[in-house]
2 protein chains.
Amino acid sequence: MRLTTKGRFAVTAMLDLALRESGGPVTLAGISERQGISLSYLEQLFGKLRRAQLVESVRGPGGGYTLARTVAEISVADIIVAVDEPVDATQCGGRENCHDNHRCMTHDLWTSLNATIFDYLSKISLASLVDNQKAKDTSVVQDQRTLRRTAACSDAIAGSNAA
Amino acid sequence: MRLTTKGRFAVTAMLDLALRESGGPVTLAGISERQGISLSYLEQLFGKLRRAQLVESVRGPGGGYTLARTVAEISVADIIVAVDEPVDATQCGGRENCHDNHRCMTHDLWTSLNATIFDYLSKISLASLVDNQKAKDTSVVQDQRTLRRTAACSDAIAGSNAA
DNA sequence: CAATAGTTGACTAAATTACTCGGAATTAGG
DNA sequence: CCTAATTCCGAGTAATTTAGTCAACTATTG
């Protein structure tokens, strides 16, 4: 289980898709424009998402992508696993390194840590993200002049980085 | 909050250190040998860990590294943050991209996801990892043929997290 | 048939990872 | 003082990943 910007792009794109698919297939060009992700990169990501059966495609004019399952049935973990490389069972396991106990122990400790994080992200569905998003949307509507939102966003991000 | 093999190396090395520092400073050469991580790479990682004040160094013969705090006061999140690059506040925040609501929303949604994972890893201390490790050691002594050790470890960690 | 979109594969620049090398500076022990 | 052990430090580097471009192709609508 790796957490990188690649996974974040995929989650962002899937969220955009989830928020719009009620109006029929969503084009990558649209997602690209709204989310500031290059079209070609999205093509790569959605190729993987499609092969992982998280989305379905409709070709031709009026086509685009739709979710292959309901928003409740797609988790953040699903998305990240779909776009991340297999990561292989580094060192121990694949190799012959696992001779002495200590090496194996630390490795499989990390493995279980990974598993815990994975479990955690498995429980976060696209549905819950969509709900959060919509809740925020209405709060914006309530006070259109709230320009501190941008600052708040920067702060939140800066905080998470510093943290 | 990124989760990469780099962070895993650092956690592994810190765990090795935690398990041995009772016998005085631990050399990087020793960690390198036991954990199969190159000495020079460890030097880089421990440079960051030292600057983050997670470890202290003793130079000269008989020198090495010791933990700068107790095992209970060092979390997995501390270690990962220390060795990972700041990652910068991609897109939103740094740039001027954060114009329309949607872009900012998805970004700051990801940010909160990051924060949640960070909180989670903040609660896993080196001490709890060391305990798990020692528990496994004794169970290995009790029954050398126990190959279910991996499963047991996962359970133990899942348990300590839930607690 | 023409335009719209997805599909695929090859390719690339930049960043990151993991590692090497060569040397400093520091200190314990002889 | 000398030497060996060790941390410290910076430059360099190969492999991988990220993020993106480009071009050709297929399917579908109108």
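Computed from a prediction, not measured in an experiment: that's the story for all the values here. Reminder, nothing fancy here: chain letters follow the sequence lines and each chain counts from 1.
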Item to check | Shortest side-chain distance from Thr4(B), nucleotide among dG6(C), dA18(C), dT17(C) | outcome: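 Taking heavy atoms from C-beta onward, the closest nucleotide is dT17(C).
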To the nearest Å, give me how far apart [atom1] ([X]) and [atom2] ([N]) are.
X	N	atom1	atom2	value
Leu3(A)	dT18(D)	CG	C1'	16 Å
Ile31(B)	dC19(C)	CD1	P	15 Å
Leu28(A)	dT8(C)	CG	P	13 Å
Leu42(B)	dA18(C)	CG	P	12 Å
Arg2(A)	dT16(C)	CZ	C1'	11 Å
Glu56(B)	dT6(D)	CD	P	19 Å
Phe9(A)	dT17(D)	CZ	P	18 Å
Tyr65(B)	dA5(D)	OH	P	18 Å

Checklist entry - After noting the C-alpha distance and the side-chain angles of Arg20(A) and Ile31(A), does the key distance pass the side-chain contact (heavy atoms from CB on, under 4.5 Å) rule? => result CA-CA 10 Å; Arg20(A) 292 170 187 275; Ile31(A) 298 178; over 6 Å; no
Check this one for me: any side-chain N or O of [X] less than 4.0 Å away from OP1 or OP2 of [N]?
X	N	answer
Ser57(B)	dC8(D)	yes
Thr5(A)	dA19(D)	yes
Arg51(A)	dT8(C)	yes

Checklist entry - Counting any heavy atom closer than 4.0 Å, what does Phe46(B) reach on the DNA or RNA strands: base, sugar-phosphate only, or nothing? => result nothing
Item to check | Touch class at under 4.0 angstrom, heavy-atom based, for Gly47(B) against every strand present | outcome: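 No contact.
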What pairs of nitrogen or oxygen atoms, one from the protein and one from nucleotides 21-28 of chain D, lie under 3.5 Å apart?
unit_1  : atom_1 : unit_2   : atom_2 : d
dT26(D) : O2     : Arg59(A) : NH2    : 3.0

Next on the checklist: Return whichever of Arg50(A) or Lys6(B) has its heavy-atom-nearest nucleotide of DNA chain C closer to the 5' end.
Outcome noted: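 Taking each residue's closest nucleotide, the earlier one in sequence belongs to Arg50(A).
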Item to check | All pairs passing side-chain hydrogen bond (donor to acceptor under 3.5 Å, both in side chains) where residues 38-51 of chain A contributes a residue, at least two apart | outcome: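 Output for this query lists Lys48(A)-Glu85(A).
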Checklist entry - Does one side chain, of Asp131(A) or Ser128(A), offer a donor that lies under 3.5 Å from an acceptor on the other? => result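 Distance-only check fails for Asp131(A) and Ser128(A).
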Item to check | Polar side chain donor-acceptor pair, Asp119(B) to Ser122(B), under 3.5 angstrom | outcome: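 On atom types as modelled, these side chains do not qualify, holding no pair under 3.5 Å.
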Checklist entry - Hey, is CD on Glu73(B) packed in by over 12 heavy atoms from elsewhere, all under 6.0 Å? => result yes
Next on the checklist: Determine whether a donor-acceptor pair (N or O, by modelled atom type, separation under 3.5 Å) exists between the side chain of Ser75(A) and the backbone of Ser125(A).
Outcome noted: no
Item to check | Polar side-chain atom of Glu21(B) near backbone of Leu67(B) as donor-acceptor pair, under 3.5 Å | outcome: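 Here the side-chain-to-backbone pair exists.
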